[in-house]
Protein chains: 2
Amino acid sequence: MQLQIIATVDAVILTIDGGALKVVLHERPNDPFQGMAALPGGYIREDEDKNAEDAMRRVLSDKAGLSGFYLEQLATYSGPDRDPRGWSISVAYLALVPADQLKIDKSKAALFPVDDLPALPFDHGRILHDAVQRLRGKGAYSTLPASLLSKTFTLSEMHAAYEVALGMQIDASSFRRKVLALNILKDRAEMRQDGNKRPAKTYALKEGVTTFNRTLGAT
Amino acid sequence: MQLQIIATVDAVILTIDGGALKVVLHERPNDPFQGMAALPGGYIREDEDKNAEDAMRRVLSDKAGLSGFYLEQLATYSGPDRDPRGWSISVAYLALVPADQLKIDKSKAALFPVDDLPALPFDHGRILHDAVQRLRGKGAYSTLPASLLSKTFTLSEMHAAYEVALGMQIDASSFRRKVLALNILKDRAEMRQDGNKRPAKTYALKEGVTTFNRTLGAT
DNA sequence: AAATGCAATATGCAACTTGCTAATTAATGA
DNA sequence: TCATTAATTAGCAAGTTGCATATTGCATTT
């Protein structure tokens, strides 16, 4: 009653690098599409994975040495044609990783700006597009963009992260006022960031806060 | 390298009935859990379904005679234990259907208020919970709740739908003002709803409008 | 025919938010 | 000490929002 089905997971790993939103693409080691840059992914292993998310974490840990980052399920893509090997179903995830936590093996992977991408295999173009949509949509009224920063950050860094993640300019003054009024941050010790100018106070996200009613951007 | 995997789709069909948000549960005709009320669902058929959504529409059409309603992918649930038959993966969907478009075969299915549910098989309890969360979260700044109304509706009906969908009271006066300012509705002919009182103007959603920046509820 | 009941719809307003622009503050280096 | 630059505050006009109070249009009742 049920034929063989190919079940996989794929990750859209986003980060901020050089003031731009970038995605991690791996060079595929095997067929199909051997040698092409593609979203990192792998098979779900029924014998060892507790579920799809578990499989995704295993793959990300193995392929990219990643752990302790923000991960949310994006959507599931399926059909007979998306993978030349046959009817397949892929659960895609959105991962947000601070740049300094990404250690890329340059012989196998690289960062690409999300608005200047090479042709991608399978339906990875669509998946990537959906991932950016999700970040932009949900990011405006949630702490998602802050997941692209290290645990501790300044308001200027947070402001910049939101601008990059949402792909729009946000008035710095209003941003500070709104963020502070939302009461989603806790203070930390201070530090000067750029080395020369006035030092900025540092903050961290309060636990459990993820979404709010007012928007931090958009219009 | 890949064992047999069970691939299914499940639907959380929500509607407004008697002023409450309700879900359609089907009585399972076969094992496992034969006879229990559960989310309607079925196998993905690789030989005839173009993808998971296609399978979902086929199932809903066959089991409930539904077509032309709002359907969005919710999330995918997987693991070795959720289905006693083995490692399974289920793509869940959220369907929003106007009450008058639902024709339930009472010998096979029934409506249950989402805040007073029977015990559910598999992980259907969690899926249902996630579906309601989605409606409440996304509904505050989107036209989702209006999908629970017929094509044409009055502002009072729309207001009531948002209150039920979001599970909170919303000031009627502000609601009207905001909705009209958002410019997401187009006028229709008028009609009196309750028969005796002042007749209300009717509206329909403009095509393509789905989300907006201001919130229609929440705080 | 006028008064009444009710929901639909509109008005008024004080309190709050928001986008801008213009200060002020804290380091650094000349 | 002063100029420079980023961090952080202030000030304000314009726009929004919640809430309370009218008004309006039918149907039914006096």
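Only this structure's heavy atoms are used, side chains among them; waters, hydrogens and symmetry mates stay out. Keep in mind that what you see is a predicted model, and the values were worked out from it rather than measured. Residue numbers begin at 1 in each chain, while the letters A, B, ... track the order of the sequences.
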Asker: For R188(A), does the CZ atom have more than 12 heavy-atom neighbours from other residues, nucleotides or ligands under 6.0 Å away?
Answerer: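 Atom CZ in R188(A) is packed in, count exceeds 12.
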Asker: Given the structure, check if the side chain of R198(B) and the base of dT24(D) hold any donor-acceptor pair shorter than 3.5 Å.
Answerer: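 In this structure, the two groups form a donor-acceptor pair.
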Asker: If I take atom NE2 in residue H159(B) and atom P in nucleotide dG18(D), what distance separates them, rounded to the nearest angstrom?
Answerer: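 Rounded to whole Å, this separation is 11 Å.
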Asker: Determine whether more than 12 heavy atoms belonging to other residues, nucleotides or ligands lie under 6.0 Å from atom NZ of K106(B).
Answerer: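 No, not enclosed.
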Asker: To the nearest 0.5 Å, what is the distance between CZ on R57(B) and NZ on K50(B)?
Answerer: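 Reported to 0.5 Å precision, the distance equals 9.5 Å.
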Asker: Does any non-hydrogen side-chain atom of I16(A) lie less than 4.5 Å from one of K22(A)?
Answerer: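 Sidechains of I16(A) and K22(A): no contact.
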Asker: List the residues meeting salt bridge (Lys or Arg N to Asp or Glu O under 4.0 Å) with K197(B), not counting sequence neighbours, and say none if there are none.
Answerer: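 Once residues adjacent in sequence are excluded, K197(B) has no partner under the salt bridge (Lys or Arg N to Asp or Glu O under 4.0 Å) criterion.
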Asker: Strictly by modelled atom types, are S78(B) and N51(A) linked by a side-chain donor-acceptor pair under 3.5 Å?
Answerer: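 Per modelled atom types, S78(B) and N51(A) side chains form no pair under 3.5 Å.
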Asker: Please write out the pairs of protein N or O atoms and N or O atoms of nucleotides 27-30 of chain D separated by less than 3.5 Å, giving the distance to one decimal.
Answerer:
| from | atom 1 | to | atom 2 | distance (Å) |
| --- | --- | --- | --- | --- |
| dA27(D) | OP1 | R192(B) | NH1 | 2.0 |
| dA27(D) | OP1 | R192(B) | NH2 | 3.4 |
| dA27(D) | O4' | N196(B) | O | 3.0 |

Asker: Would you kindly say whether D17(B) and T15(B) are connected by a side-chain donor-acceptor distance under 3.5 Å?
Answerer: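 No donor-acceptor contact under 3.5 Å links the two side chains.
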Asker: Using the C1' atoms of the five pairs at each end, what is the angle between the end axes of the helix from dA1(C)-dT30(D) to dA30(C)-dT1(D), to 10°?
Answerer: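 Overall, the helix from dA1(C)-dT30(D) to dA30(C)-dT1(D) bends by 20° from one end axis to the other.
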Asker: Once salt bridge (Lys or Arg N to Asp or Glu O under 4.0 Å) is applied, do any residues pair with E72(A), and if so which ones, sequence neighbours excluded?
Answerer: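 Counting only residues at least two positions away or on another chain, E72(A) forms a salt bridge (Lys or Arg N to Asp or Glu O under 4.0 Å) with R134(A), K138(A).
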Asker: Enumerate the residue pairs fulfilling salt bridge (charged side-chain N to carboxylate O under 4.0 Å, His left out) with a member in residues 156-179 of chain B, sequence neighbours excluded, ordered by first and then second residue.
Answerer: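 Every candidate salt bridge (charged side-chain N to carboxylate O under 4.0 Å, His left out) pair involving residues 156-179 of chain B fails, so no pair, neighbours aside, qualifies.
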Asker: For I170(B) and dC19(D), give me the distance from atom CD1 to atom C1', rounded to whole Å.
Answerer: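 Rounded to whole Å, this separation is 15 Å.
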Asker: What orientation do Y162(A) and F175(A) show, parallel under 30°, tilted 30 to 60°, or perpendicular over 60°?
Answerer: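 Plane angle between 30° and 60°, so tilted.
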Asker: Will you find, in the side chains of Y77(B) and D130(B), an N or O donor that is under 3.5 Å from an N or O acceptor?
Answerer: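 Distance-only check passes for Y77(B) and D130(B).
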Asker: Taking atom C1' of dA6(D) as reference, at what distance in whole Å does atom NZ of K201(A) sit?
Answerer: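 K201(A) atom NZ is separated from dA6(D) atom C1' by 17 Å.
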Asker: Let me know the distance between CE of M158(B) and C1' of dA8(C), rounded to the nearest Å.
Answerer: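 Roughly 16 Å, once rounded to whole Å.
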Asker: Among residues 171-188 of chain A, which ones have heavy-atom contacts with DNA chain D below 4.0 Å?
Answerer: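 Under 4.0 Å from DNA chain D: S173(A), R176(A), R177(A).
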Asker: Is the phosphate of dC16(C), meaning OP1 or OP2, less than 4.0 Å from a side-chain N or O of R214(A)?
Answerer: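 Indeed not, no polar side-chain atom of R214(A) lies that close.
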